[in-house]
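Heads up: the structure comes next, in structure tokens.
One-based numbering, in listed order, for ligands and for the atoms of each. Model, not experiment: these values are computed from the prediction.
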Amino acid sequence: MDIYLDNAATTFPKPLAVPEAIYDYIVNNGGTSGRGSYEKAILADGLVYQTRKSLAKLFNHDDPKTVVFTSSVTESLNLALQGILKPGDHVVTSALEHNAVWRCLKTLERDLGIYISVVPATAQGETDIKDVVAAITPDTKIIVFTHASNVLGTIQPIEAIGALAREKGILFLVDAAQTAGVIPIDVQAQHIDLLAFTGHKSLLGPMGTGGLVVNCDVDIHPLISGGTGGDSAYEYQPDYYPNHLEAGTMNVSGIIGLSAALDFLKSEGLETIRSKEDALMDYALNALSTVPGIELYGPQDSSKSVGVIPFNIEGHVPEEIAYFLDQECHVMIRSGLHCAPSAHRLIGTVTRGTCRIGIGYFNEQAHIDALVNGLKSYLKENN
Ligand SMILES: Cc1ncc(COP(=O)(O)O)c(C=O)c1O
């Protein structure tokens with residue numbers, strides 16, 4: 001039996017309804033969205049709009065038209081940061097960012113002349129709101145924070161940062177890659193102006209889907225220009241949503257798969273999903289602590305974290321452990337820096353990396369048992 005424990009990278013398996021919906025659309029419809037007046041195209045358009053509505057409901061956003069589809073959270077974050085920031089703008093960000101934010105900011109710093117302040121965090125990945133306050137300057141245009149670290153799992157104080165940003169009139173952009181679909185997100189109560197999400201992680205949808213919820217009145221310059229299916233004689237990108245930020249034929253099959261995943265999430269309930277993942281995390285932390293020489297990082301507390309557990313085994317190389325688990329035990333985990341070197345600096349693993357398990361809704365205790373037995377066999381063979 002193959003055991004998949006890399007759900008922080010992408011969730012697997014998906015609910016069966018997801019591939020079924022994609023298959024049904026490709027085989028029985030196949031029409032494009034927003035570009036035809038025949039019945040099938042209108043049906044496809046309706047399904048895309050329905051997905052915007054489901055996402056708006058999930059995030060408590062009141063206007064589905066400003067739920068913009070992208071190919072990934074990486075594109076959504078680039079769209080927001082590149083589309084808003086101007087030379088001389090200042091950005092406040094966390095010490096835990098994925099390269100989807102960090103490389104985008106560094107490129108804008110080099111090429112456009114923006115300024116970046118990084119808010120410090122503890123080795124457990126915890127951020128103190130006082131440090132966010134201290135980082136703000138009169139030029140601060142955006143605060144961009146990951147909702148939960150993909151390296152340490154730590155959930156960030158999004159609501160407090162949102163309230164602060166609103167009070168100071170600063171835009172608040174949240175990277176919800178690790179939380180959307182497992183932790184409740186309310187863009188209104190949490191004062192999130194721009195929410196970037198990806199479809200293929202805890203939302204349980206297919207790769208190639210993602211989006212940006214625009215919950216504010218800010219001018220975002222489109223990343224790309226092109227056909228939108230309407231107003232075609234107008235020579236620029238229309239200024240109304242969602243067309244303003246969506247150009248080219250949409251990933252309708254992916255969006256329809258995402259819609260089926262959102263229906264699944266709704267029928268299971270976020271609370272059920274979160275409590276199953278929390279219980280598995282507690283079980284895993286306990287079980288992993290019996291492995292000789294294990295070094296566990298992060299908060300090691302399911303109430304403060306998503307289902308991500310980073311670890312090393314003293315004197316051993318993370319890649320070799322992950323390779324052994326895969327080849328000998330059919331257990332798939334991640335090793336390395338997970339595209340987020342800043343978080344590794346906090347725990348002193350930026351040169352070595354860590355192993356990481358990412359718990360998903362379809363994991364069971366038996367999967368954790370197989371991991372822990374695998375680690376013990378690895379030690380038997382390699383000590
Ligand atoms: C916190 C965080 N942000 C951004 C990303 C990038 O996601 P994607 O590759 O779907 O754009 C990831 C993926 O691992 C992530 O964990």
Side-chain angles (χ1 to χ4, degrees), residues 4-12 14 18 55 68-82 91 93-107 118-119 121 125 127 142-158 161 172-183 185 192 194-213 223 251 254-255 257-258 261 277 297-299 305-310 332-346 353-360:
Y4 184 77
L5 280 168
D6 194 18
N7 290 282
T10 194
T11 50
F12 179 83
K14 308 295 181 190
V18 173
L55 287 160
V68 171
F69 285 115
T70 63
S71 63
S72 64
V73 70
T74 300
E75 186 184 330
S76 310
L77 291 160
N78 274 263
L79 171 61
L81 294 168
Q82 293 188 42
V91 176
T93 192
S94 83
L96 299 150
E97 294 307 306
H98 188 278
N99 276 339
V101 167
W102 188 242
R103 283 186 173 163
C104 182
L105 288 179
K106 288 301 286 180
T107 305
V118 175
V119 178
T127 303
I142 297 182
I143 299 177
V144 52
F145 252 71
T146 187
H147 192 178
S149 162
N150 67 314
V151 172
L152 302 173
T154 325
I155 300 167
Q156 298 303 298
I158 289 307
I161 301 171
F172 185 36
L173 166 60
V174 173
D175 172 357
Q178 291 295 333
T179 53
V182 67
I183 308 263
I185 296 175
I192 298 170
L194 298 146
L195 181 77
F197 63 91
T198 204
H200 68 98
K201 297 188 193 257
S202 292
L203 287 180
L204 304 176
M207 293 176 190
T209 59
L212 183 70
V213 177
L223 263 188
N251 176 11
I255 291 169
L258 178 60
E277 292 192 14
Y297 307 100
S305 173
V306 289
V308 166
I309 306 179
M332 289 165 262
I333 67 162
R334 186 85 184 261
S335 62
L337 296 184
H338 330 305
C339 303
S342 335
H344 282 275
R345 283 192 191 99
L346 298 173
T354 64
C355 294
R356 177 188 76 177
I357 65 163
I359 292 167

(request) Evaluate side chain to side chain contact (heavy atoms under 4.5 Å, CB included) for D175 paired with V144, printing each intermediate quantity in order. (result) CA-CA 8 Å; D175 172 357; V144 52; 5.6 Å; no

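The side-chain contact (heavy atoms from CB on, under 4.5 Å) test applied to T74 returns S72, N78, A100, not counting sequence neighbours. Remark: T107 pairs with R110, D111 by the side-chain contact (heavy atoms from CB on, under 4.5 Å) rule, at least two apart or across chains. Remark: T354 engages H338 in a side-chain hydrogen bond (donor to acceptor under 3.5 Å, both in side chains) (not counting sequence neighbours).
Counted within 6.0 Å of CE on M207, heavy atoms from surrounding residues, nucleotides or ligands total 12 or fewer; the atom is thus considered open.
At a heavy-atom cutoff of 4.0 Å, ligand 1 is surrounded by S72, V73, T74, H98, A100, T146, N150, D175, A177, Q178, T198, H200, K201.
For A176 against H147, the heavy-atom pair with the smallest separation is CA-CB, 4.3 Å.
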